[in-house]
Asker: 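Attaching a single structure in structure tokens format; questions to follow.
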Amino acid sequence: MRTMIIAGNWKMYKDLHETKELVTALKAAMPSLPGNVQSVLCPPYTSLALAGEMLKGSPFLLGAQNMSQHDEGAYTGEVSAKMLKATGCTFVILGHSERRQYFGETNELVNAKARKALAAGLRPIICVGETLAEREAGVMAQIITTQIKGVLAGISPHEMPNCVIAYEPVWAIGTGRTATPQQAQEVHQLIRKLIAQQYDWALAERITIQYGGSVKPDNAAEILAQNDVDGALVGGACLKADSFSAIIKAAQA
Ligand code: PEP
């Protein structure tokens with residue numbers, strides 16, 4: 001059975017004081033997690049060290065929302081994989097559609113970052129997803145195929161099990177509009193098939209593929225019950241302990 005991974009993308013929310021409040025509330029709400037479930041908190045860079053300290057001994061793991069493709073150097077404003085690891089991060093979200101849309105990130109750049117993360121021992125959560133215009137134009141499968149091939153280029157079969165893929169239809173992020181469970185399953189199945197073509201079926205069956213896009217406590221169970229949906233990347237609903245913990249509970253097999 002694949003591990004369900006429920007990750008919370010805090011985006012640009014929560015200063016240090018608010019981070020302390022949310023982490024305290026989450027630890028109280030979820031002193032342990034269901035056996036088949038992992039949960040990753042991804043606060044902003046400025047809160048990573050604090051959250052990392054607070055999460056020691058808790059069931060929650062720590063992740064970042066982005067990182068540099070470089071090891072170190074004169075790259076003002078950037079943060080390296082090594083720096084993330086020092087705060088306690090074990091995961092990093094890469095290629096989120098907001099990074100692609102507002103910061104010009106391409107599949108090639110996301111691939112470079114993913115390879116750097118893997119080399120440093122971080123597990124990348126690599127995001128893919130089509131826009132509404134692409135879905136309506138009937139090119140969703142082509143877009144997903146290009147993205148998956150691009151972001152996974154050169155990642156070895158040995159490294160691949162450490163990758164998590166997040167399918168996030170851009171039209172469902174922060175819009176309150178969720179893909180139906182059937183729409184999510186269809187794309188997750190496609191992604192698993194693409195991974196099998198690039199590697200093999202045994203490996204593809206091991207990969208956690210998360211769904212992201214307006215996952216809330218009231219729709220989580222139905223989406224997570226789909227065969228190829230192995231977790232969720234949660235935005236808005238991860239900012240409150242009660243809604244995020246309800247989604248984690250919905251992931252229990
Ligand atoms: C996200 O930011 O990855 C996301 C899925 O956001 P939301 O849950 O708010 O749609």
Side-chain angles (χ1 to χ4, degrees), residues 4-14 18-19 22 26 37-45 47-48 51 60-67 89 91-103 105 107 110 113-114 117 123-132 134-135 140 143-144 147-148 151 163-181 183-185 187-188 191 208-224 226 228-251:
M4 281 271 181
I5 303 178
I6 308 295
N9 174 12
W10 295 17
K11 308 196 185 190
M12 200 172 73
Y13 294 103
K14 308 291 180 190
E18 293 161 334
T19 295
L22 181 53
L26 280 168
V37 182
Q38 288 185 344
S39 183
V40 188
L41 308 186
C42 305
Y45 287 143
S47 290
L48 285 173
F60 291 98
L61 300 166
L62 187 67
Q65 300 172 22
N66 181 31
M67 56 166 256
C89 281
F91 285 81
V92 58
I93 299 169
L94 295 176
H96 189 280
S97 64
E98 288 153 14
R99 303 263 355 138
R100 293 174 184 262
Q101 187 179 348
Y102 304 130
F103 303 98
E105 295 205 3
N107 290 326
V110 177
K113 291 183 177 193
R123 296 191 65 187
I125 297 175
I126 306 173
C127 304
V128 297
E130 81 287 359
T131 63
L132 186 58
E134 289 162 345
R135 176 166 280 262
M140 175 274 286
I143 297 293
I144 298 294
Q147 289 178 337
I148 289 289
V151 298
C163 293
V164 173
I165 305 295
Y167 168 57
E168 298 211 302
V170 179
W171 47 271
I173 296 177
T175 59
R177 189 174 162 186
T178 321
T180 64
Q183 283 172 324
Q185 170 59 21
V187 185
H188 282 231
I191 292 172
T208 293
I209 306 177
Q210 297 175 314
Y211 169 79
S214 299
V215 175
K216 308 277 181 242
D218 59 358
N219 61 22
E222 210 188 349
I223 294 171
L224 293 169
Q226 299 302 305
D228 288 287
V229 178
D230 314 311
L233 182 52
V234 182
C238 80
L239 297 173
K240 292 212 165 89
D242 55 355
S243 48
F244 193 57
S245 50
I247 293 170
I248 296 170
K249 284 177 191 152

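Just so you know, these numbers use all the heavy atoms, side chains as well, and skip hydrogens, waters and symmetry mates. Since the structure is predicted, the reported quantities are computational estimates derived from the model, not experimental observations. First listed ligand is number 1; within each ligand, the first listed atom is number 1.
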Asker: With nothing but distance in play, are any N or O atoms of Thr175 less than 3.5 Å from an N or O of ligand 1?
Answerer: no

Asker: In terms of atom number and element, which parts of ligand 1 are under 4.0 angstrom from non-hydrogen atoms of Ser214?
Answerer: 7 (P), 8 (O), 10 (O)

Asker: Quick one: pull up CG in Leu41 and CG in Leu62 and give me the separation to the nearest 0.5 Å.
Answerer: 7.0 Å

Asker: Under 3.5 Å between any N/O of Glu168 and any N/O of ligand 1: does that happen in this structure?
Answerer: yes

Asker: Identify the heavy atoms of Cys89 and Leu48 that sit nearest to each other, and give their distance.
Answerer: SG-CD2, 3.8 Å

Asker: A quick test of your reading: do over 12 heavy atoms of other residues, nucleotides or ligands sit less than 6.0 Å from CD of Glu222?
Answerer: no

Asker: Might you confirm whether atom OH of Tyr13 has over 12 heavy atoms from other residues, nucleotides or ligands at distances under 6.0 Å?
Answerer: no

Asker: Can you see which heavy atom on Ala241 is nearest to which on Leu26, and at what distance?
Answerer: CA-CD2, 3.8 Å

Asker: Ignoring angles and geometry beyond distance, decide whether Gly235 reaches within less than 3.5 Å of ligand 1 through its nitrogen or oxygen atoms.
Answerer: yes

Asker: Say whether Glu98, considering both its backbone and side-chain N or O atoms, lies within less than 3.5 Å of an N or O atom on ligand 1.
Answerer: no

Asker: Relative to the heavy atoms of Leu233, which atoms of ligand 1 are at a distance of less than 4.0 Å?
Answerer: 3 (O), 5 (C)

Asker: Considering the heavy atoms of Gly212, write down every atom of ligand 1 situated less than 4.0 Å from one of them.
Answerer: 5 (C)

Asker: Between Ala117 and Leu94, what is the shortest heavy-atom contact and its length?
Answerer: CB-CD1, 4.4 Å

Asker: List every atom of ligand 1 that sits less than 4.0 Å from any heavy atom of Gly236, numbering the atoms from 1 in the order shown and giving each element.
Answerer: 7 (P), 8 (O), 9 (O)

Asker: For Asn9, which part has a heavy atom under 4.0 Å from ligand 1: side chain, backbone, both, or neither?
Answerer: side chain

Asker: So is Gly213 touching ligand 1 or not, going by heavy atoms under 4.0 Å?
Answerer: yes

Asker: Report the part of Ala172 (side chain from C-beta onward, or backbone N, CA, C, O) that has a heavy atom under 4.0 Å from ligand 1; answer both or neither where that applies.
Answerer: backbone

Asker: Atom NZ of residue position Lys11 - does it have more than 12 heavy atoms of other residues, nucleotides or ligands inside 6.0 Å?
Answerer: yes

Asker: Select the closest option to atom 10 (O) of ligand 1 among Gly174, Gly176, Cys127, judged by heavy-atom distance.
Answerer: Gly174

Asker: Distance to 0.1 Å, residue and atom name: give those for the protein heavy atom nearest to atom 1 (C) of ligand 1.
Answerer: His96 NE2, 3.2 Å

Asker: Specify the closest pair of heavy atoms between Met4 and Val229, including all atoms of both residues, with the distance to one decimal.
Answerer: CE-O, 3.6 Å

Asker: Roughly how far apart are Leu224 CG and Tyr211 OH, rounded to 0.5 Å?
Answerer: 11.0 Å

Asker: Does Lys11 come within less than 4.0 Å of ligand 1, judged by its heavy atoms?
Answerer: yes

